[in-house]
There are 2 protein chains.
Amino acid sequence: MINFEKLFYLCPGSNKSIMKKDPKDLSTEEKIKAAARKIFTQKGYSATRTRDIAEEAGINLALLNYYFRSKEKLFDLVMLENFGQFISGVRALFNEKDTTLQQKIETVVDFYITQLKTNPDLPLFVLTEIRSNPKKLQAKGFSKDLLAQSYFLKQLSEELKKQKKAIHPLHFIMNLFAMTIFPFISAPLIKTMGVGDLEFSNLMEERRKLLPIWIMKLIQEP
Amino acid sequence: MINFEKLFYLCPGSNKSIMKKDPKDLSTEEKIKAAARKIFTQKGYSATRTRDIAEEAGINLALLNYYFRSKEKLFDLVMLENFGQFISGVRALFNEKDTTLQQKIETVVDFYITQLKTNPDLPLFVLTEIRSNPKKLQAKGFSKDLLAQSYFLKQLSEELKKQKKAIHPLHFIMNLFAMTIFPFISAPLIKTMGVGDLEFSNLMEERRKLLPIWIMKLIQEP
DNA sequence: GTCTATAACCTGATAGAC
DNA sequence: GTCTATCAGGTTATAGAC
């Protein structure tokens with residue numbers, strides 16, 4: 001077993017990164033940020049009105065500007081934290097030296113499924129905002145060597161070489177994230193086809209165990 | 001080989017469903033619709049200003065309301081066409097009686113990869129709008145029996161039974177669409193990691209061949 | 001720090017001339 | 001059918017009292 005818990009604490013804005021507090025104990029600033037986070041993530045930048053955030057936070061509209069100056073500044077803050085929560089936790093994991101490839105895959109699947117069960121709106125938010133503003137990625141220090149220099153990629157490449165597979169390792173990384181994240185993104189569609197909330201949740205629990213097996217099988221078998 | 005081309009013609013709004021015309025030959029109404037389609041799909045409902053659509057169409061703002069009465073009416077039109085393009089084509093395919101499971105999977109992969117190469121913004125648009133307005137789905141006649149009653153599901157279930165796998169068939173359908181669509185959704189992220197446009201395109205071509213093999217392997221092997 | 005009131009701006013929609 | 005000019009409504013941001 002590896003340091004699974006650690007991932008959560010690495011995520012800025014994670015539920016687990018702050019001690020749980022009674023909403024009444026949060027400072028006004030924190031209340032606004034929490035409300036903004038919730039509504040921005042759900043509806044995106046343009047569809048969110050600062051009035052809604054103020055109401056959700058239980059404070060006055062003017063206070064929002066008092067603390068954060070503008071809607072955009074507040075958004076940038078939330079956006080960076082959401083993005084961090086979505087991806088930064090993986091950075092540390094990718095460079096663990098003392099875990100196998102399979103263990104890393106198990107951890108990624110486990111981490112995201114847990115994360116997305118409580119925060120299903122995150123991927124659509126992150127992907128939409130990245131598309132409409134790719135610059136802010138690099139500002140966050142996100143660059144090509146996050147993956148390229150990672151120990152994870154090294155392990156994966158070696159495994160592929162061992163199997164004599166001349167397939168780009170990126171294919172398997174895409175498969176990993178696709179199979180893990182996509183079901184949550186398309187949940188509204190899946191639920192339209194007669195899958196209830198409980199059944200959906202159960203399916204995701206099954207995937208927690210199935211995905212690592214499947215992904216390893218694609219990597220290892222001829 | 002099956003009727004692959006047919007799928008395109010079943011898609012309202014598909015590039016292939018209209019003869020290609022010089023933009024100058026399009027009627028004003030068509031020009032507005034095309035512009036609206038482009039900008040709505042790229043930026044979503046709220047972030048789109050009717051002024052932008054008018055400019056893109058090369059006409060005046062007032063004309064937009066003259067032809068379509070309101071922003072929302074225009075959007076609904078585009079939304080239904082986009083949604084149709086994204087999913088309706090599959091309906092017919094799912095009920096072909098004379099193709100094998102594997103052939104259907106090959107066709108779905110082929111269809112979506114071709115579709116998404118020219119229209120990569122479609123999935124994020126469709127998924128975002130479905131989440132914020134699930135009702136419009138049923139209005140379009142989309143219901144649980146699209147999949148539940150399909151011949152595709154029947155074939156898949158039988159194959160699983162033959163392999164004595166007690167795994168919900170939905171898992172494999174999720175895998176199919178996830179592995180096909182997700183790479184396009186996350187393209188901006190992938191390109192940040194040093195993958196150029198050409199390399200990305202090549203990777204997708206490789207997936208056209210690899211995905212059916214992988215998906216069948218997961219279904220068939222123990 | 002927090003509120004009310006209001007300024008400044010933006011956006012969708014329409015009136016009316018051509 | 002197409003345009004210019006403008007209205008009506010809503011949104012962000014600020015001024016100023018407490």
Side-chain angles (χ1 to χ4, degrees), chain A residues 18 21-82 125 128-129 132-133 136, chain B residues 18 21-82 121 125 128-129 132-133 135-136:
Chain A
I18 329 168
K21 285 183 186 173
D22 188 319
K24 302 216 170 186
D25 292 350
L26 290 174
S27 72
T28 303
E29 192 175 345
E30 281 171 328
K31 272 192 288 186
I32 297 173
K33 231 164 85 175
R37 182 186 195 71
K38 176 175 170 186
I39 299 190
F40 275 136
T41 306
Q42 242 171 61
K43 314 212 286 183
Y45 180 78
S46 304
T48 297
R49 293 172 310 161
T50 51
R51 282 171 162 76
D52 296 337
I53 297 177
E55 193 188 351
E56 172 77 27
I59 51 94
N60 190 275
L61 172 59
L63 271 183
L64 189 150
N65 289 321
Y66 172 75
Y67 280 106
F68 299 95
R69 296 211 20 184
S70 76
K71 178 186 179 183
E72 203 182 342
K73 290 238 195 317
L74 178 54
F75 178 77
D76 285 349
L77 217 73
V78 168
M79 150 95 177
L80 287 181
E81 289 192 356
N82 267 355
F125 172 89
T128 303
E129 296 305 332
S132 65
N133 211 335
K136 288 187 181 169
Chain B
I18 328 169
K21 286 182 186 173
D22 189 319
K24 300 216 173 186
D25 292 349
L26 290 174
S27 72
T28 303
E29 192 175 345
E30 282 171 328
K31 273 193 288 186
I32 297 173
K33 230 164 87 174
R37 183 186 194 69
K38 176 176 171 187
I39 299 190
F40 274 137
T41 306
Q42 241 172 62
K43 315 210 286 184
Y45 181 78
S46 305
T48 298
R49 292 172 310 159
T50 50
R51 284 171 164 76
D52 295 337
I53 297 176
E55 194 189 351
E56 171 78 26
I59 52 95
N60 190 274
L61 172 57
L63 271 183
L64 189 148
N65 289 312
Y66 173 75
Y67 279 106
F68 299 96
R69 295 211 19 187
S70 76
K71 178 187 181 184
E72 203 182 342
K73 290 241 194 318
L74 178 54
F75 178 77
D76 286 348
L77 217 76
V78 169
M79 151 94 178
L80 287 182
E81 289 192 356
N82 267 355
D121 286 331
F125 172 87
T128 303
E129 296 305 333
S132 64
N133 210 335
K135 287 178 199 171
K136 289 186 180 170

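All chains are named by letter (A, B, ...) in the order of the sequence lines, taking the proteins before the strands, and each is independently numbered beginning at 1.
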Expressed as a whole number of angstroms, how long is the span from [X]:[atom1] to [N]:[atom2]?
X: B:Leu63; N: C:dT14; atom1: CG; atom2: C1'; answer: 13 Å
X: A:Asn65; N: C:dA5; atom1: CG; atom2: P; answer: 18 Å
X: A:Lys31; N: C:dT2; atom1: NZ; atom2: P; answer: 8 Å
X: B:Phe68; N: C:dT14; atom1: CZ; atom2: C1'; answer: 18 Å
X: A:Leu61; N: D:dA15; atom1: CG; atom2: P; answer: 14 Å
X: A:Ile59; N: D:dA13; atom1: CD1; atom2: P; answer: 13 Å
X: B:Leu64; N: D:dT2; atom1: CG; atom2: P; answer: 12 Å
X: B:Phe75; N: C:dG12; atom1: CZ; atom2: P; answer: 13 Å

N or O in side chain of [X] less than 4.0 angstrom from [N] OP1/OP2:
X: A:Ser70; N: D:dT12; value: no
X: A:Asn60; N: C:dC3; value: no
X: B:Tyr66; N: D:dC3; value: no
X: A:Thr50; N: D:dT12; value: yes

For B:Arg51, answer base if it contacts any base atom (sugar-phosphate contacts may also be present), sugar-phosphate if it contacts only those atoms, and nothing otherwise; contact means non-hydrogen atoms under 4.0 Å.
base
Using atom types as modelled and distance alone, determine if a side-chain donor or acceptor of B:Glu30 lies under 3.5 Å from a backbone N or O of B:Ser27.
yes
Would you sort out whether B:Lys33 and B:Tyr67 count as a side-chain contact (heavy atoms from CB on, under 4.5 Å), showing the intermediate values?
CA-CA 10 Å; B:Lys33 230 164 87 174; B:Tyr67 279 106; over 6 Å; no
N/O donor-acceptor pair, side chain A:Arg49 with base D:dG10, under 3.5 angstrom:
no
Got a salt bridge between A:Glu56 and A:Lys31, using NZ or NE/NH1/NH2 to carboxylate O under 4.0 Å?
no
Specify whether A:Phe40 and A:Tyr45 have parallel, tilted or perpendicular ring planes, treating 30° as the upper limit for parallel and 60° as the lower limit for perpendicular.
parallel
